[in-house]
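The structure appears below as structure tokens.
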Amino acid sequence: MNIYEHTYIAAPEANKKDMENIENKIDDILKKSSGKICKIEDWGLRNLAYPIKKNSKGYYRNLYLEGDNKTIKAIEEFEKFNEKIIKYLSMKIKNLPKEDSELAKEKK
């Protein structure tokens, strides 16, 4: 299994229930292929560098996932058609970071 860093930005009007539904769906996709969510970082509501789909702010969420390439493609396919998600990015990484990122520390 590979480790991926996956970040998505939800629309500013997304509420906690919407965010929970997104993460539950991602978790379901991962469980179907025996993957898992290793770590979740909530970066909160932040300004975007440029407007995306007429939004100037968005809720950032960073996930560290364990899975294979097909699983990540399935997650991205789900996010592509979810109206609450305005942007996403997945990157394969070598190791799971031991410490929280600077943005997660700033949020706390």
Side-chain angles (χ1 to χ4, degrees):
M1 291 279 174
N2 297 318
I3 299 173
Y4 293 87
E5 181 176 1
H6 179 77
T7 304
Y8 67 88
I9 306 170
E13 64 270 1
N15 56 33
K16 282 190 175 189
K17 184 152 180 73
D18 293 331
M19 299 296 277
E20 287 174 8
N21 289 340
I22 291 167
E23 284 187 17
N24 288 338
K25 180 63 177 171
I26 290 172
D27 196 37
D28 289 344
I29 293 169
L30 286 166
K31 284 180 181 175
K32 287 179 185 174
S33 64
S34 60
K36 65 178 182 175
I37 297 175
C38 301
K39 189 176 177 182
I40 299 173
E41 293 181 349
D42 182 14
W43 294 347
L45 184 65
R46 304 182 63 81
N47 290 326
L48 301 173
Y50 54 89
I52 302 171
K53 297 181 182 176
K54 299 181 182 178
N55 294 299
S56 59
K57 291 184 179 230
Y59 283 105
Y60 282 70
R61 197 69 90 124
N62 190 42
L63 309 171
Y64 292 96
L65 312 171
E66 192 173 291
D68 59 10
N69 188 31
K70 290 181 183 178
T71 306
I72 299 302
K73 294 291 182 195
I75 291 169
E76 289 178 347
E77 189 72 20
F78 155 71
E79 291 177 338
K80 182 179 183 179
F81 296 109
N82 188 315
E83 62 188 34
K84 296 292 181 186
I85 297 177
I86 56 177
K87 203 76 163 168
Y88 58 88
L89 177 69
S90 300
M91 295 184 303
K92 185 176 175 182
I93 58 175
K94 293 183 181 182
N95 299 319
L96 188 65
K98 292 180 173 98
E99 294 184 16
D100 288 343
S101 67
E102 292 299 319
L103 292 172
K105 288 177 188 175
E106 178 182 305
K107 175 92 166 89
K108 291 177 184 177

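Note that the structure is a prediction, hence the values are computed from the model and not measured.
Atom CG of Asn82 is separated from atom CG of Asn21 by 9.0 Å, given to the nearest 0.5 angstrom. Taking CD1 from Ile86 and OH from Tyr8, the interatomic distance works out to 12.0 Å, rounded to the nearest 0.5 Å. For the atom pair CG (Asn24) and CD1 (Ile29), the distance works out to 11.0 Å, reported to the nearest 0.5 Å.
For Glu41, the salt bridge (charged side-chain N to carboxylate O under 4.0 Å, His left out) partners two or more places apart in sequence, or in a different chain, are Lys39. Taking Asp68 as the reference, nothing meets the salt bridge (charged side-chain N to carboxylate O under 4.0 Å, His left out) condition, with sequence neighbours excluded. When the side-chain contact (heavy atoms from CB on, under 4.5 Å) test is applied to Glu77, the partners found at least two apart in sequence or on another chain are Lys80, Phe81.
The two residues Ile93 and Pro97 make their nearest non-hydrogen contact at CD1-CD, 4.2 Å. Scanning both residues, Cys38 and Glu66, for their nearest heavy atoms gives SG-CB, 3.8 Å.
Arg46 places none of its side-chain heavy atoms less than 4.5 Å from the side chain of Ile9. Looking at Tyr4 and Thr71, their side chains never come closer than 4.5 Å, going by heavy atoms from C-beta outward. Residues Ile75 and Leu65 form a side-chain contact, since some pair of their non-hydrogen atoms from C-beta on lies under 4.5 Å apart.
There is a path of hydrophobic side-chain contacts, each under 4.5 Å, that joins Tyr59 to Phe78. Cluster membership for Ile40 and Leu30, using ILVMFWY side-chain heavy atoms within less than 4.5 angstrom, is shared. Hydrophobic clustering (ILVMFWY, side-chain heavy atoms < 4.5 Å, transitive): Tyr64 and Met19 are in distinct clusters. Under the 4.5 Å side-chain heavy-atom criterion for Ile, Leu, Val, Met, Phe, Trp and Tyr, Leu96 and Ile72 are members of distinct hydrophobic clusters. Ile52 and Trp43 fall within the same hydrophobic cluster, where Ile, Leu, Val, Met, Phe, Trp and Tyr residues are linked whenever their side-chain heavy atoms come under 4.5 Å apart, directly or through other members.
In this structure, Met91 shares a hydrophobic cluster with Leu89, the cluster being traced through Ile, Leu, Val, Met, Phe, Trp and Tyr side chains under 4.5 angstrom apart.
Within 6.0 Å of CD on Glu83 lie no more than 12 heavy atoms contributed by other residues, nucleotides or ligands.
Identified under the salt bridge (charged side-chain N to carboxylate O under 4.0 Å, His left out) test for residues 17-33, with sequence neighbours left out: Asp18-Lys84, Glu23-Arg61, Asp27-Lys31. The stretch residues 87-98 participates, sequence neighbours left out, in these side chain to side chain donor-acceptor pair (under 3.5 Å) pairs: His6-Ser90, Glu76-Ser90.
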